[in-house]
Structures are given as structure tokens and as C-alpha cells.
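Structure, as C-alpha cells:
The structure presented is a predicted model; accordingly, all values stated were derived computationally and were not measured. Both ligands and their constituent atoms are indexed starting at 1 by order of listing. These values consider heavy atoms only, across backbone and side chains, with no hydrogens, waters or symmetry-generated copies.
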Amino acid sequence: MTANGPAAAGTSLAEATRALNAWFEIDLDALAANARVLRETAAPATVIAVVKANAYGHGIEVVGPALEAAGIERLAVIFLPEALPLREAGVTRPVLVLGHSFPDDAEVAVANDLTLTVDTPELAEAVSAAALRAGKAPVPVHIKVDSGMHRFGLMPAEVAALAAHVRTLEGVTLEAIWTHLANADHEDDSFTTHQDAVVAEAIRLAGPVPMRHIANTATTIRHPEFRYEGVRTGIGIYGALPDHTPNPGLRPVLSMKGRLARVFDVAPGEGVSYGLTWRAERPSRIALIPIGYADGYQRALSNRGEVLARGRRCPIVGRICMDHFLIDVTDVPGAATGDEAVLIGEQGGEAITAAEVAAHIDTINYEVLAGLNRRLPRLAHRAGVVEATC
Ligand SMILES: *Cc1c(COP(=O)(O)O)cnc(C)c1O
């Protein structure tokens, strides 16, 4: 491999990262195992793996094909353009678009076999016409119910009216009615039960459909009665969990790592990084990590949180910059330039999860993962052997 280019498939992670300042490791064995656990949990319901937001920051080009190989039947994204990298990566299974689309999207959707969630007669008509032109009629469409979260979707009477219209169109077939749950990760399930009843009402008005899907990861794990024909699992696929959700055996897929780029001593009273917001209270050894908020390691982590070096937890000191931050390695014997630092993941029996990072900055693991951007390379591996990069 070249110093900063993509690693060749078949090289070890150690070799592939030797000359990388920072990177993500995507554990394809963990991903496949999580897919298996969720499929077993949901069965006989179909698992629709949610790969929005670059597969929750994991890299959609590697995650999509790996999930298909692991037997996942369907995938879902929010917006149509997010689905195209899946097709470019060779994914052939149905891909559902969960968010808003325009009639102008119909052509591309049909050409790429993407299933749209339709919310207007105009969109349904455009999909129908595109399907007839492409000789693919009838193509499936889904309708989303606003069952009380009041985000995207239609009220039950509107669902029924649109379903009736869809049924008059030659080029489309209504495959599913679905909703999204507002309080799936709450201890109290009363609102989930209410939303389920609203969907039942929408279906009573609209007439039966082959598929209903309302459950996200939390509901899939916690409530067999809401799995219906399909479940949409996002965070669980990546081995992270919503609040109030027991772990059925899921393992984290992503690690975030960097190499100590400089290790140096600062005297008591000296400050580090922008604003000199941290000052040494003792003779201190400091290490520079070449990762910053431009990589999704949020500035709010300044002077909060920890990083693993030589298997020990080291406090973040000073501000997180766009491209760099510092940790205190005074208590890490032998810490040296080139050492691997773990921001998310395991080292020497210690582990830092996305949820732990989130807790330091008053957010959730979802935001930490989805916020990891594309500057750093992602090395997808099985048992430490690189299989693909993106
Ligand atoms: C993100 C999302 C999901 C997945 O939710 P998880 O809690 O990550 O399992 C399912 N459905 C919709 C509509 C979503 O936006």
C-alpha cells in the first residue's frame, strides 16, 4: 500500500495502517454476526437494514455489499441519492427510500429499482409512468403513516385516499404501509402502542397490504408483537444500542484510531491547544492525535472524555481542533510517537464505545456515529485482514 492511499485487499490491518495518521476499522465479522442476530430475533419478519447517513458513518460502499452477503433481504436509506452508491457497489436487493422524494426522482428510482415512499398522487403517478416506460410495471411503492410523531407521513384518512389512487395506477403496486415510532427507546411503551393502533386504523381504511413495518432496533428487540412483516433496524446492525434496550448479542462494528504524531513534555503552568484552556499542574507528558472535529470528533469533547493509549485511559486535554487534539499520557509508561490510540474501540482489555463518547457531550451514540465523516479512510476487515476500503 502507499503511505496515504487505500490499502490493498489481503494486507493485515497492522501493515495497512503503518503509515496512516488516523483511520476507521470496520469489522465485517461483527457486522455479519449482528445481521444474523437481528434476523434470528426478527424472524419471520424481514430485516430491512437502515444504511442512511453513510451507514451510520461506517461507509455505505462496504457495509451494503457486506450486509447483502450476510443475508439481509432489504436495505433502506432516507433520500434517493443515498441509495445510488449501493447500486454502484453491486447491491441487488430491494432498497427502500424512507424520506421525501420528488416526482422528478421517479425515473432514477425506477431505473435503479429503488422503492419510494409516496406521499402525493403526483409522485405515485410519476413512478407509475416511469415504470410503464421502463417496462418494469408494476413497481412497488410504500406509504408512510403519521401515527403521532408528526414528522414525515400522512394521516390515516390521507393514507386511505392515496392508497385508493395508487390502486388505480397500472404501473405501481402498494407493497407496504409503515410508520416510525417516537418513543421506542422509552421505558414506557404506551405511545408505541398508540402509534400501532393508528397504523391499524390507516390499514383498516386503506385495505390490506402485503407488508407492514413499524419497528426500529429498540422495538425489534423489545416487542415481538410489533415486528409484523418487516422491521427497520439501523443502530443495532452496527452493534450499538438505543436506550432501554437489552443487548441480544450485538458487537460494535466500528473502531476509530489514530497514531500519536508527537509525544512531548510540558512544564507546570504551560497550556496546550487553542485558548490554552488546559494547563499542566505537574510535569506532564502530552501526545498529539491527528484527528479533529473535521473528522466528526466533536469540539465539545475538549477537556472531556478519554482515549486509550497502551491500554490505558488518557484524558483529553485542551480544545479539540479541526484536525488535531491532545491527550495526557503522563501515566502511560513508554508512550511513544507512532503508538496506536483508540478513540472508539478496544485496546488492551479496555473499551470505549460510541455511547461513552456521546455521554461526555450530552448526546446519543447515533449522533457520534452518524457524524463521522469521510476524510479518514475506512478499512473493512475480517479477523484483521483488510477486505475493502472506502
Ligand atoms: C433511522 C431510522 C430507522 C432506524 O432506527 P434505529 O433506531 O437506528 O434502528 C428506522 N426507520 C426510520 C424511518 C429511520 O429514520
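Among all non-hydrogen protein atoms, the one lying nearest atom 4 (C) of ligand 1 is Y56 OH, 3.4 Å. Nearest non-hydrogen protein atom to atom 9 (O) of ligand 1 is T217 OG1, 2.5 Å. For atom 14 (C) of ligand 1, the nearest protein heavy atom (residue, atom name, distance) is K52 NZ, 3.0 Å. Considering only non-hydrogen protein atoms, atom 11 (N) of ligand 1 sits nearest to R232 NE, 2.8 Å. Protein heavy atom closest to atom 7 (O) of ligand 1, with residue, atom name and distance, is Y366 OH, 2.6 Å.
Contact atoms of ligand 1 toward T233: 9 (O) (distance under 4.0 Å to a heavy atom of the residue).
The structure places CD of E201 at 4.5 Å from CG of L205, a figure rounded to the nearest 0.5 Å. Distance check: I203 CD1 to W178 CH2 gives 13.0 Å after rounding to the nearest 0.5 Å.
Only side-chain heavy atoms of H180 come within less than 4.0 Å of ligand 1; its backbone N, CA, C and O stay farther off. By the criterion of a heavy-atom distance under 4.0 Å, both the backbone and the side chain of I235 are placed next to ligand 1. For I78, every heavy-atom contact with ligand 1 shorter than 4.0 Å involves the side chain, none the backbone. Contacts of W178 with ligand 1, taken as heavy-atom pairs under 4.0 Å, involve the side chain alone.
Under the salt bridge (charged side-chain N to carboxylate O under 4.0 Å, His left out) test applied with D113, the options K136, R87, R74 reduce to a single match, K136.
For the pair D29 and R251, the salt-bridge criterion is not met [side-chain N within less than 4.0 Å of a carboxylate O].
S255 and E25 form no side-chain donor-acceptor contact under 3.5 Å, judged by distance and modelled atom types alone. Defined by atom type and a distance below 3.5 Å, a donor-acceptor pair is missing between the side-chain atoms of R39 and T46.
For ligand 1, the polar-atom distance check finds no N/O of P242 at less than 3.5 Å from any of the ligand's N/O atoms.
Under the 30°/60° scheme for interplanar angles, the aromatic rings of F325 and Y297 are found to lie parallel.
Using a 4.5 Å heavy-atom threshold, the side chains of E229 and R212 count as touching.
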